[in-house]
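Here the structure is laid out as structure tokens; the discussion comes afterwards.
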Amino acid sequence: MPRPHRHHHDEPVVQSVTSAPESLAEEQAHRIKRYLLTMAVRTVCFVGAAVTATKGASPWVWGTLSIAAILLPYVAVVMANAVRPRAPGGTSPVLPRGDGPPQIGPR
């Protein structure tokens, strides 16, 4: 009976890992950043609408900024709650090198 090959200290130990999708924390951080950016744009639109309305600008300018300031919170919440579909994880098999314990059973 041949003796199985044992792992040498200079050989790297290779682990099998599935191709994991983006972590939940990273995905949430991305959605929070997108929400904050959208709300920052909303704030600029709100301030812009107030300034242009008081300075006598054309009604379509401050009206457009007002509508954007009203609609952007809805858009921000919908985008923040939109979870990206998870990519299916793949596996790569690790073939036994013969350095494990002997198997019980017929050969």
Exercise: identify the closest heavy-atom pair between A76 and T38:
CB-CG2, 3.6 Å

NE2 (H30) and NZ (K33) are apart, to the nearest 0.5 Å, by 9.0 Å

Heavy-atom closest pair, residues R34 and M79:
NH2-O, 2.8 Å

Taking all atoms of both residues into account, what is the closest heavy-atom pair of T54 and V51, and its distance?
OG1-O, 3.0 Å

Just verifying a value: how many Å separate L65 CG and W60 CH2, rounded to the nearest 0.5 Å?
9.0 Å

Locate the shortest heavy-atom distance separating C45 from A68; write the atom from each residue and the value.
SG-CB, 3.8 Å

Could you point out which residue of V75, V47, L72, I70 forms a side-chain contact (heavy atoms from CB on, under 4.5 Å) with R42?
L72

Cluster partners of Y35, using ILVMFWY side-chain heavy atoms under 4.5 angstrom, listed by chain and number?
I32, L36, M39, V77

